[in-house]
Amino acid sequence: MAIKLKEAGIDSFVILEKASEVGGTWRENTYPGCACDVQSHLYSYSFEGNPNWSHKFAPWNEIQAYILELTDKYELRPHIRFDHKVREAVFDGDEGLWHIRTENGDAVAANAFVLGTGPLHVPLVPDIPGLDSFKGKIFHSSQWAHDYDLEGKTVASIGTGGSAIQYVPEVAPLAKRLHVFQRTAPWILPKPDRSYREFERTLFRLSPLLRKLHRGWLYVRNEARVLPIMNPPLAKLLERAAMLYVRHCVDDPALMEKLTPDYTIGCKRVLLSNNYYQVFNRPNVELVTDALTEVKEHSLVTKDGVERPVDVIILGTGFHADPRNYLDELSIKGLGGRDLLEHWAPGPEAYLGISVPGFPNLFELVGPNTGLGHNSLIFMIESQVRYIVQCLKLLEKREAKYMDVRRDRLRRYNEELEHRLENTVWTSGCKSWYTQEDGKNIAIWPGFSFRYRARTRTVNPDHYVWTPRNETATVDRHGRDRDPNTDRHRRAGFRRLGRAH
Ligand code: NAP
């Protein structure tokens with residue numbers, strides 16, 4: 001976002017960052033084995049190809065190094081205020097400004113407010129009775145205790161998602177004993193990973209065209225994965241392949257059974273690994289599928305009454321991925337003091353995952369229903385950034401104080417999403433962070449990512465209500481900001497300015 005703002009000639013922006021360094025996911029997740037499950041040449045910016053990726057799937061530290069390098073290359077550091085956790089953002093309709101306050105008391109007034117908060121950074125600590133009373137070492141996968149030596153320890157690992165399947169194979173050879181607590185078996189396919197040979201890296205360095213073709217090929221291959229996701233009968237074929245893979249890796253039929261998921265493949269994220277299943281052939285590793293009922297001072301107890309003494313618990317239990325949880329320490333108030341999280345009580349919704357009615361000039365990155373289960377999220381983020389930069393230019397060009405997405409547009413957009421989500425693997429009856437309690441999918445873009453790119457390519461001004469800069473009477477007789485979405489006069493008045501796009 002910052003790079004593209006600068007390229008667009010917009011230099012007056014600040015980045016408020018809660019941490020002391022850039023990097024997000026790749027700053028926080030440093031556990032052993034941590035790597036991206038999207039190919040490196042695709043999990044990087046289209047405008048900043050990197051010929052030097054060591055592997056098809058880069059380890060976390062290479063991605064973090066890439067982010068740090070670009071932060072310096074584009075001279076972004078002067079724009080960043082580190083250790084500035086945002087606590088409050090209030091929109092003033094009179095001024096057309098967002099008033100943003102951080103935890104340490106800093107205040108920023110901005111015409112536009114971009115939420116680049118991302119959904120996977122607030123650790124989910126499971127609600128298991130007695131967990132607080134555990135006297136041994138305990139840490140979450142995203143807060144790995146690198147100074148704690150796991151050598152010779154009895155380890156409990158809870159969860160079998162994308163993080164756990166990466167660190168479990170690294171912990172198993174160190175631990176005296178490793179108990180892996182699985183609530184739901186994940187679908188896992190082999191990871192087509194390998195290191196890039198020196199001559200390949202040299203070719204990528206010499207020929208950006210070749211690198212782009214490689215990237216394009218990876219993109220097309222990944223896009224094809226949508227087909228089984230959107231068509232459950234096709235997913236059955238993929239399930240067969242995945243089941244063959246479990247059989248190939250695991251010797252014991254009972255274990256094989258426990259490791260085989262009971263939901264349609266793709267309903268939760270499909271994981272990639274070449275060394276996870278094999279871990280369970282080791283004599284020091286146990287797969288526990290009985291539910292955890294209690295944690296005692298030095299042990300864990302399962303439903304069947306078995307108590308397992310352990311030295312350390314590793315929580316591979318994921319994150320609070322619902323914005324109503326991970327944004328709950330940030331109060332965002334739009335027109336008329338409307339609270340974003342209250343507004344989202346029935347479910348988070350945003351037009352193209354970017355704009356929310358009643359919250360003018362607020363733009364989201366990786367907003368509702370723009371996550372991907374099959375391709376690179378960077379592709380979606382670049383689409384959103386391009387759209388937001390266009391919005392900012394339009395605000396300038398139309399001399400508008402603010403733009404507010406039309407409610408009817410969002411309603412139609414959501415109806416379309418719901419329709420496309422029908423009869424996909426996500427509605428086949430599994431529970432994951434993609435869906436909320438009532439089963440509504442709030443996280444995933446249903447379909448090809450190039451369709452999202454097409455939808456966000458050009459901002460249609462008619463999808464927004466525009467409030468001109470010279471409009472002063474923005475407060476109604478109760479002292480509240482008037483909502484332009486319901487103000488027919490304003491809409492008509494602004495139309496007279498003509499379509500400037
Ligand atoms: P996750 O996918 O949400 O997995 C959390 C795991 O913890 C699940 O197995 C879950 O079981 C289990 N769990 C949660 N609460 C539990 C409880 N109370 N008792 C027992 N088990 C419990 O989290 P993650 O592995 O940290 O991954 C987060 C996201 O990042 C995922 O989308 C993942 O694919 C992604 N990721 C990506 C990469 C990458 O390479 N790009 C790497 C790592 C992670 P249930 O399934 O039964 O809920």
Side-chain angles (χ1 to χ4, degrees), residues 24-26 28-40 42-44 55-64 118-131 139-144 156-170 179-189 191-193 222 258-259 261-263 265-274 276 287-295 300-303 313-322 325-326 366 371-378 426 429-435 437 443-444:
T25 294
W26 308 105
E28 312 241 323
N29 289 279
T30 60
Y31 56 79
C34 181
C36 187
D37 60 7
V38 177
Q39 302 89 334
S40 332
L42 204 51
Y43 195 88
S44 41
H55 286 73
K56 276 207 160 167
F57 295 84
W60 73 271
N61 48 341
E62 275 186 42
I63 307 172
Q64 177 65 353
L120 299 171
H121 55 101
V122 178
L124 190 154
V125 175
D127 191 15
I128 305 169
L131 193 66
F139 55 88
H140 188 270
S141 60
S142 68
Q143 296 163 341
W144 198 267
S157 172
I158 306 177
T160 51
S163 303
I165 68 139
Q166 291 184 335
Y167 70 70
V168 160
E170 306 296 322
H179 307 283
V180 177
F181 290 84
Q182 170 187 283
R183 188 165 66 179
T184 314
W187 282 106
I188 302 177
L189 290 169
K191 189 175 188 178
D193 196 14
N222 287 1
K258 284 182 178 181
L259 288 167
D262 58 1
Y263 59 87
I265 196 167
C267 189
K268 291 169 187 263
R269 192 178 175 95
V270 180
L271 309 180
L272 303 178
S273 173
N274 296 330
Y276 175 71
L287 178 70
V288 186
T289 51
D290 279 292
L292 274 166
T293 50
E294 191 188 351
V295 177
L300 290 91
V301 185
T302 42
K303 202 172 164 199
I313 300 176
I314 305 174
L315 301 173
T317 42
F319 301 87
H320 287 285
D322 185 324
N325 295 323
Y326 71 77
V366 200
L372 291 182
H374 71 283
N375 216 334
S376 175
L377 199 54
I378 306 289
W426 300 298
C430 75
K431 200 174 170 302
S432 78
W433 62 265
Y434 293 168
T435 53
E437 277 304 314
I444 292 287

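Remember, it's 1-based here, ligands and their atoms both numbered in the order they're listed. Keep in mind that this is a model prediction, so the values were computed, not measured. FYI, side chains are in, hydrogens and waters are out, and symmetry mates aren't considered; it's all heavy atoms of this structure.
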Checklist line | Min N/O separation G159 to ligand 1 under 3.5 Å | finding: no

Margin query: Less than 4.0 Å is my threshold; does some heavy atom of L292 fall inside it relative to ligand 1?
Written below: no

Notebook entry, point to check: Quick one: does ligand 1 sit under 4.0 Å from the side chain of K268, the backbone, both or neither, non-hydrogen atoms only?
Noted result: side chain

Check: So, is G162 polar-close to ligand 1, with some N/O to N/O distance under 3.5 Å?
Finding: yes

Margin query: Please confirm whether T160 approaches ligand 1 to less than 4.0 Å, judged on its heavy atoms.
Written below: yes

Notebook entry, point to check: Can K268 and Y263 be said to form a side-chain contact (heavy atoms from CB on, under 4.5 Å), step by step?
Noted result: CA-CA 9 Å; K268 291 169 187 263; Y263 59 87; 3.5 Å; yes

Next item on the list: Search all heavy atoms of P119 against all heavy atoms of Y326 and return the closest pair with its distance.
Entry: CA-CE2, 3.5 Å

Note to self: I'd like to check whether K431 has a polar contact with ligand 1, where a contact means an N/O of the residue lying under 3.5 Å from an N/O of the ligand.
What the structure shows: no

Next item on the list: Under 4.0 Å, heavy atoms only, figure out whether ligand 1 is touched by the backbone of Y31, its side chain, both or neither.
Entry: side chain

Next item on the list: In sequence, state the C-alpha distance, the side-chain angles, and the governing distance for Q39 and N222, and then conclude on side-chain hydrogen bond (donor to acceptor under 3.5 Å, both in side chains).
Entry: CA-CA 9 Å; Q39 302 89 334; N222 287 1; 2.9 Å; yes

Next item on the list: With heavy atoms only and a cut-off of under 4.0 Å, state how F57 meets ligand 1: side chain, backbone, both or neither.
Entry: neither

Checklist line | Protein contact of atom 24 (P) of ligand 1 - nearest heavy atom, named by residue and atom, plus distance | finding: S163 OG, 3.3 Å

Check: Nearest protein heavy-atom contact for atom 31 (C) of ligand 1: which residue, which atom, what distance?
Finding: W433 NE1, 3.7 Å

Notebook entry, point to check: How far is atom 40 (O) of ligand 1 from its nearest protein heavy atom, and which residue and atom is that?
Noted result: D37 N, 2.6 Å

Next item on the list: Decide whether an N or O pair under 3.5 Å exists between R269 and ligand 1.
Entry: yes

Check: Heavy-atom contacts under 4.0 Å between I165 and ligand 1: side chain, backbone, both, or neither?
Finding: neither

Next item on the list: List the closest protein heavy-atom neighbour of atom 4 (O) of ligand 1: residue, atom name, distance to the nearest 0.1 Å.
Entry: G161 CA, 3.5 Å

Notebook entry, point to check: For ligand 1, is there an N or O atom under 3.5 Å from any N or O atom of R183?
Noted result: yes

Checklist line | Distance flag, aromatic centroids of Y167 and W144, threshold under 6.0 Å | finding: yes

Next item on the list: List the steps, then state whether side-chain contact (heavy atoms from CB on, under 4.5 Å) holds for V288 with T302.
Entry: CA-CA 9 Å; V288 186; T302 42; 3.8 Å; yes

Check: Do any N/O atoms on A35 end up under 3.5 angstrom from N/O atoms on ligand 1?
Finding: yes

Item checked: Between OH on residue Y31 and CD on residue E170, distance to nearest 0.5 Å -> 10.5 Å

Item checked: Donor-acceptor contact below 3.5 Å, side chain Q182 vs main chain G159 -> no

Check: Taking the six-membered ring for Trp, are H140 and F319 ring centroids under 6.0 Å apart?
Finding: yes

Check: Is it the side chain (CB and beyond), the backbone, both or neither of F319 that lies under 4.0 Å from ligand 1, heavy atoms counted?
Finding: side chain

